[in-house]
Amino acid sequence: MAPKREKIKNESDPSLGFGLKNEPSEPINATDMEKTAKCIYWFRKALRLHDNPSLMHAIQKSQYIYPIFILDPWFVQKAKVGPNRWRFLLQSLNDLNEQLIRKNSRLILIRGNPSAVFAEKIKEWDINLICFETDTEPYAKLRDQEITKIATELNVKVETKYGHTLYNPDYVYKKNNEKIPLQYQSFVGALAKIGDPPKPIDEPSNVFNKLEIDYDLYKIPDLVSIGIDPSACGPLLFPGGETEALRRLEDKFKNESWICSFEKPNTSPNSLAPSTTVLSPYLKFGCLSARKFYWRLKQVYAKRKHSMPPVSLEGQLLFREFFYYVGAFTPNFNKIEGNPVCRQIKWDDKPEYVKAWKEARTGFPFIDAIMTQLRTEGWIHHLARHAVACFLTRGDLYCSWEKGQEVFEEYLLDQDWSLNAANWMWLSASAFFHQYFRVYSPIGFGKKTDENGDYIRKYIPVLKTFPAKYIFEPWTAPLEVQKRHNCVIGKDYPRPIVDHNVISKINISRMKKAYEESKLVSTDDGDDKKSRPTSSKSTKNPPKSEKTSPDTRPPSKKSKN
DNA sequence: CCAGAAGTTGCTACG
DNA sequence: GCGTAGCAACTTCTG
């Protein structure tokens with residue numbers, strides 16, 4: 001059963017192809033490819049068969065393919081991954097295994113440190129080729145360098161393809177004269193000059209040659225065996241896996257007028273059912289190819305009038321692209337210190353604030369409802385992320401965005417290194433966005449799309465019967481109303497942690513000061529003009545105004561809406 | 001180099 | 001109910 005040759009379809013513009021400049025760049029040409037290799041194909045992201053260039057490459061070069069996924073015990077113990085995302089990952093792996101079984105293959109799940117795994121398996125399986133998809137995240141780059149070194153020492157080739165984003169970031173970097181725009185529009189403009197991203201390729205049509213291995217040794221674990229209590233998971237709203245990803249994609253595309261009229265700012269952060277696609281977790285793990293989504297959109301756009309970036313669905317994919325791009329070329333992108341695009345702001349260190357925010361005890365029902373949905377379900381609307389991120393940082397609590405980033409990292413199904421960091425910098429007005437005086441109201445913002453507070457009722461049951469008039473600011477309800485609805489503020493539900501109307505004004509002036517100070521540092525710096533908002537040195541000279549501790553006491557009853 | 005425009009989606013008061 | 005001005009005024013990018 002010799003596998004049939006694969007041919008890459010739709011590779012219209014070779015210059016846009018999947019090849020990287022540091023690897024064999026000849027276009028894939030199946031006719032003169034000798035399929036002699038014994039290859040480990042290493043799944044990390046891209047947990048899919050469709051539009052998987054690096055997997056396709058492996059297939060074209062190899063006689064035998066060992067499709068592996070490595071579960072690093074260190075990662076299992078140390079990583080900030082909540083139960084819901086573990087469940088999503090394991091489901092995705094199980095689905096991937098099902099897809100491979102269709103191809104006469106199976107997923108080989110190995111528990112161990114990647115270096116040790118490769119050192120062992122290269123010899124055990126007599127491997128002479130390793131293929132995987134490139135990854136732009138710093139920890140992944142280091143890991144992959146190490147594996148490449150080990151492989152090279154053992155005379156094993158390593159061949160990779162990009163595949164996680166629409167465009168190859170290295171290619172865009174070169175075409176854009178190594179410039180890294182910090183505004184969405186200029187990035188989109190740069191892409192427009194480059195042209196369309198590659199079209200997706202089909203899943204492999206052949207079946208894999210049978211391996212002589214004992215699959216019982218390489219089973220996908222369940223939650224319990226990696227130390228996760230399944231009862232800690234929330235309701236299963238978004239099952240993991242490629243099958244579900246493609247089903248969900250097509251389900252959304254059934255309503256073409258919805259697809260074409262999509263405008264992100266007009267979707268609701270607090271509807272009871274998601275008002276957006278919720279394809280983000282599938283994009284994050286690569287269960288869904290971004291190019292597949294993109295070209296599916298283009299197909300529908302071609303037929304009718306449609307919304308445009310930045311608000312359209314295409315615009316959302318381009319934001320993902322933008323943040324991946326900046327993240328790939330910016331040192332310390334997920335940190336304040338040493339991050340050249342991040343404004344150096346001295347946030348307050350108030351662990352009790354961060355804790356209250358994380359545990360949905362801020363006393364603002366809209367904020368607490370969002371944080372509850374986040375913790376229990378693993379997904380919240382983008383604008384809901386705006387509201388709680390602004391609240392934690394520049395709007396109300398003036399805590400570091402790094403703390404919020406950690407919490408999102410733990411809870412979000414779609415937690416994505418570049419996107420999480422970029423969005424936190426955006427919302428805290430540390431990068432990309434600078435109009436710090438535009439502050440979301442933790443009371444008013446949610447009212448616009450949920451007048452009755454049904455979202456709050458769902459996620460904060462203690463307020464279930466509270467009158468709509470008071471539900472966004474229950475501390476303003478007369479005591480007898482609170483009693484009648486069995487929710488006395490300060491007893492059954494917390495008092496608000498700050499007086500938003502007071503603190504938000506104080507924080508705007510603190511932000512103004514922080515901006516002025518970071519401006520000073522960068523002009524000091526002489527020729528360091530490239531790294532705009534300051535260097536990390538600014539931590540050295542804390543301004544004396546630093547500890548002006550603003551009044552953060554809870555408001556009295558007269559706070560208005 | 002400089003001026004002006006634009007920037008994914010704020011809030012409140014007011015007509 | 002909706003559009004708009006005022007709020008105080010930021011940075012990046014373009015021409």
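Convention: sequence-line order gives letters A, B, ...; per-chain numbering from 1.
Checked against a 6.0 Å centroid threshold, the rings of A:Y324 and A:W417 do not count as neighbours. Two rings, from A:Y353 and A:W357, have their centers 6.0 Å or more apart. A:F408 has its ring centre less than 6.0 Å from the ring centre of A:W424. Between A:Y162 and A:Y171, the distance separating the two ring centers is not shorter than 6.0 angstrom. Aromatic ring centres of A:Y440 and A:F391: separated by at least 6.0 Å.
Spacing between B:dC2 and C:dA9 at atom P, rounded to whole Å, works out to 23 Å. Look at the P atom in both B:dC11 and C:dT11: the space between them is 22 Å, to the nearest Å. Of the C1' atoms belonging to C:dC2 and B:dT8, the separation is 23 Å, rounded to the nearest Å.
Pairs of Watson-Crick or G-U wobble type, with distances under 3.5 Å, assemble into runs of 3 or more in DNA chain C at these ranges: B:2-7 with C:10-15, B:10-15 with C:2-7.
No engagement by A:E263 is indicated, since no non-hydrogen atom pair under 4.0 Å with the nucleic acid exists. The residue A:F445 sits close only to the backbone: its heavy atoms come under 4.0 Å of sugar-phosphate atoms, none of a base. Nucleic acid contact class of A:P309 (heavy atoms, under 4.0 Å, all strands): none. If you check every strand for non-hydrogen atoms under 4.0 Å, A:K505 touches nothing. Nucleic acid contact class of A:V439 (heavy atoms, under 4.0 Å, all strands): sugar-phosphate only.
Taking atom NZ of residue A:K447 and atom P of nucleotide B:dT12, one finds them 9 Å apart after rounding to whole Å. Put simply, CZ on A:R510 is 17 Å from P on C:dA9, counting in whole angstrom units. To the nearest angstrom, P of C:dT11 lies 12 Å from CD of A:Q183. Following rounding to the nearest Å, A:R343 (CZ) and C:dT11 (C1') show an atom-to-atom distance of 8 Å. Distance CZ (A:F187) to P (C:dT14): 14 Å, rounded to an integer number of Å. Per the geometry, CD belonging to A:Q185 stands 17 Å off P belonging to B:dA5, to the nearest Å. Going from atom NZ of A:K448 over to atom C1' of B:dC11 covers 8 Å, rounded to whole Å. Rounded to an integer number of Å, the gap from A:I506 CD1 to C:dC7 P is 21 Å.
Distances were taken from every side-chain heavy atom of A:K512 (C-beta onward) to each of C:dT14, C:dA9, C:dC10; the shortest belongs to C:dA9. Nearest to the side chain of A:H386, among B:dT8, C:dC10, C:dC13, sits B:dT8. The side chain of A:Q435 has B:dG7 as its nearest neighbour among C:dT12, C:dA9, B:dG7. Which of C:dC13, B:dT8, B:dC11 sits closest to the side chain of A:N423 comes down to B:dT8. Taking only side-chain atoms of A:R438, from C-beta outward, the nucleotide of C:dC10, B:dG10, B:dT8 with the closest atom is B:dG10.
Pairs passing the ring pair (Phe, Tyr, Trp, His ring centres under 6.0 Å) check and including a residue from residues 263-283 of chain A, sequence neighbours excluded, read A:F88-A:Y282.
Looking at residues two or more places apart in sequence or on another chain, you find no side-chain hydrogen bond (donor to acceptor under 3.5 Å, both in side chains) involving A:Q185. Remark: A:H434 engages no residue in a side-chain hydrogen bond (donor to acceptor under 3.5 Å, both in side chains) (not counting sequence neighbours). Taking the side-chain hydrogen bond (donor to acceptor under 3.5 Å, both in side chains) definition, one finds that A:S280 meets it with A:D414, sequence neighbours left out.
Annotation: proximity of residues 313-323 of chain A to DNA chain B (heavy atom, distance under 4.0 Å) is found for A:Q316, A:F319, numbered in ascending order.
Counting atom types as modelled, A:H434 pairs no side-chain N or O with a base atom of C:dT12 as donor and acceptor under 3.5 Å.
When every heavy atom of A:V326 is checked against every heavy atom of A:T330, the shortest pair comes out as O-OG1, 2.6 Å.
Side-chain contact of A:H50 with A:R291: a donor-acceptor pair under 3.5 Å is absent, judged by distance alone.
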